[in-house]
Amino acid sequence: MSHADDQRHNQRMARKKAVVEERIAQATGERGVLVVNTGNGKGKSLAAFGLALRALGHGMKVGIVQFIKGRGATGEEMFFRQHTAAPFHVTGDGYTWDTQNRTQDEATARKGWEIAAGLLRDAAIDLVVLDELNIVLKYRYLPLDEVLIALQQRPAMQHVIITGRGAPDELIALADTVTEMREVKHAFKAGIKAQVGVEF
């Protein structure tokens, strides 16, 4: 790389640094935020659990409710159950194509939501993870308005992260941060089965 290239690179980084620092200076607000991870790509739940680990690292209290997915030997469940500061509630009966019973799915979703609603009313909980709630809302197992009202009425400094495909537009509109995971490739489509430590 020539001296001229170095100069151009340094000038570009200086301009970028000024823009970033100006944005940081303008971001002075502080409150609980609603984060939504949606889309068909892999990593929505894993990103939420990573955020939970970050919060625990700061000594914060975390509550996790997992909808849809049934109890199983997932690494995240086994890990979080070792931490009293992060109660992990598995409330699902399994994937929707396994249960084949809408009435049961709605009743199960209601049980999970009662736990979630309790966490959303508890100011002592700093971060609430509602894993796969988007699927529950997509299939209308719970009234969307009831969920939106609970999210709006939660403690001011409480953070919430919701995961799952098909997040409804109303939830996206309410959220502060929305990320859509997009699948580029997936090993399963190449005949690779779900493996310990990667898929569960």
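Since this is a predicted model, take the numbers as computed values, not measurements.
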Taking ILVMFWY side chains as joined if any heavy atoms are under 4.5 angstrom apart, and letting links pass through other members, which residues group with V20? I24
Worked verdict on F80 versus F49 for ring pair (Phe, Tyr, Trp, His ring centres under 6.0 Å): CA-CA 9 Å; F80 282 110; F49 296 139; 5.8 Å; yes
Provide the closest heavy-atom pair for P155 versus A123 in the form atom of the first, atom of the second, distance. CG-CA, 3.6 Å
Under a 3.5 Å cutoff, is there a donor and acceptor pairing between the side chains of D5 and S2? yes
Answer yes when R110 and E114 have at least one side-chain N-carboxylate O distance shorter than 4.0 Å, and no when they do not. yes
Give the ring-plane orientation class for F79 versus H83, where under 30° counts as parallel, over 60° as perpendicular and anything between as tilted. tilted
Flag yes if more than 12 heavy atoms outside H9 fall under 6.0 Å of its NE2 atom; otherwise flag no. no
Give the minimum heavy-atom separation between K44 and G39, together with the two atoms involved. NZ-O, 3.0 Å
Counting only heavy atoms not in R102 (residues, nucleotides, ligands), do more than 12 fall under 6.0 Å from its CZ? yes
When hydrophobic residues are tied together by side-chain contacts of less than 4.5 Å, even through go-betweens, does W113 share a cluster with Y139? yes
Minimum heavy-atom distance R154-L34, with the two atoms named: NH2-N, 3.6 Å
Working note: I162 + L151, criterion side-chain contact (heavy atoms from CB on, under 4.5 Å); need CA distance, chi angles, decisive distance, verdict. CA-CA 11 Å; I162 297 175; L151 291 170; 3.9 Å; yes
At their closest point, which heavy atom of A52 faces which heavy atom of L127, and how far apart are they? CA-CD2, 3.7 Å
Kindly give the cluster partners of F200, where membership spreads through any ILVMFWY side chain lying under 4.5 Å from a current member. V196
Expected output: side-chain H58 to main-chain M60 donor-acceptor under 3.5 Å: no
For the student: nearest non-hydrogen atoms of R31 and M157, plus distance: CA-SD, 3.6 Å
Could you tell me which non-hydrogen atom of T163 sits nearest to which non-hydrogen atom of A48, and how far apart they are? CG2-CB, 3.6 Å
Is there a donor-acceptor pair closer than 3.5 Å between any side-chain N or O of E77 and the backbone N or O of F88? no
Can you confirm whether Q82 is buried at CD, in the sense that more than 12 heavy atoms of other residues, nucleotides or ligands lie under 6.0 Å from that atom? yes
